[in-house]
Amino acid sequence: MSTSLVVAVDGPSGSGKSSTARGVADRLGLAYLDTGAMYRAMTWALLQAGTDLTDPDAIAVAAKGVHLESGVNPLDPTIHADGVDVAEAIRGEDVTAAVSHVAAVPSVREQLVSMQRQSIADNDHRIVVEGRDIGSTVAPNAEFKIYLVADPAARAARRAAEDGSTDASATEQALARRDEIDSNRAASPLAMADDAVLVDSTYMTLEEVINTIVDMVEQP
């Protein structure tokens, strides 16, 4: 392996990115960064501040004053906003409903992409980074780029299980709306990088997905 080893894991909500990326990072002895948690933490902070999240200009101004800290231990990832541990709070319905609107603001993306690139550098470019624009925007020179997908029903079932919901149909509709917003935003939309490898996890166990990616990285 080269000294630099950045593994970019992109894909839509519910495709299994977080569990997969953490597992790959642990297996390979790499740091781990959840960029989606950063956007959620920013959204949480803006909600706490009473920012009008229908106003992109208000979001842009308020976001500049938010301080985020992301832990990079794949076995115990952490996320703080202005010194507050928000790992649980960012999974609430209010944040989930608003995060795509915050993430669509170009200056917010510039701010967080800069932080994400700094985190990659701080960890000696040996890190698994997961999100929606890692291979295309954040780390276009990543040694390995994975685009993880699953069919809508599988994604909805996984996300509903994570959230403790019994309404997979409503979850599937919510994921579809999120995909549409993320795929059509002007600033670094959800997209598969031209040189990424597509991995469909629909009929795979988590361990099988992790093994697939680890094998890609470790092959001679």
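Along the sequence shown, residues carry numbers from 1.
- The salt bridge (Lys or Arg N to Asp or Glu O under 4.0 Å) pairs that include a residue from residues 62-74 number zero, where partners must be two or more places apart or lie in different chains.
- Side-chain contact check for Val128 versus Val6: every heavy-atom pair is 4.5 Å or farther apart.
- Within the 4.5 Å cutoff, no side-chain heavy atoms of Thr54 are placed close to those of Ile59.
- The main-chain N or O of Ala87 is found under 3.5 Å from a side-chain atom of Asp85 such that the two form a donor-acceptor pair.
- When side chains are defined from C-beta on, Thr43 does not count as touching Ile90, because their heavy atoms never get closer than 4.5 Å.
- In the model, Gln219 has no side-chain atom that pairs as donor or acceptor with a side-chain atom of Asp215 under 3.5 Å.
- One finds no salt bridge joining Arg132 and Asp10 here, because no Lys/Arg side-chain nitrogen approaches an Asp/Glu carboxylate oxygen to under 4.0 Å.
- In this structure, the separation between CG on Asn123 and CD on Gln118 is 10.0 Å, given to the nearest 0.5 Å.
- With hydrogens and angles left out, the side-chain atoms of Glu143 and Ser4 include a donor and acceptor closer than 3.5 Å.
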Working for side chain to side chain donor-acceptor pair (under 3.5 Å), residues Glu130 and Ser18 = CA-CA 7 Å; Glu130 60 120 327; Ser18 294; 2.6 Å; yes
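- For the atom pair Asp151 CG and Ser15 OG, the distance stands at 11.5 Å (nearest 0.5 Å).
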Using the side chain to side chain donor-acceptor pair (under 3.5 Å) rule, take Glu208 and Tyr203 through it: C-alpha gap first, then chi angles, then the decisive distance, then the call.
-> CA-CA 10 Å; Glu208 287 172 338; Tyr203 302 107; over 6 Å; no
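- Side-chain contact between Val9 and Val7 is present, with at least one heavy-atom pair separated by less than 4.5 Å.
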In residues 72-82, what donor-acceptor pairs under 3.5 Å come from side-chain atoms, sequence neighbours left out?
residue, atom, partner, partner atom, Å
Asn73, OD1, Leu75, N, 2.9
Thr78, OG1, Gly71, N, 3.3
Asp82, OD1, His67, N, 2.8

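- Residue pairs meeting the salt bridge (Lys or Arg N to Asp or Glu O under 4.0 Å) criterion with at least one member in residues 32-45, sequence neighbours excluded: Asp34-Arg91.
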Applying salt bridge (charged side-chain N to carboxylate O under 4.0 Å, His left out), run through Arg27 and Glu207 and close with a yes or a no.
-> CA-CA 11 Å; Arg27 286 270 299 275; Glu207 192 65 21; 3.5 Å; yes
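- Atom CG of Asp194 has 12 or fewer heavy atoms from other residues, nucleotides or ligands within 6.0 Å.
- Contact annotation: the side chain of Thr35 never approaches that of Met115 to less than 4.5 Å [non-hydrogen atoms, C-beta and beyond].
- Contact check for Leu5 versus Val217: side-chain heavy atoms found under the 4.5 Å cut-off.
- Counting heavy atoms from C-beta on, the side chains of Lys145 and Ile134 never come closer than 4.5 Å.
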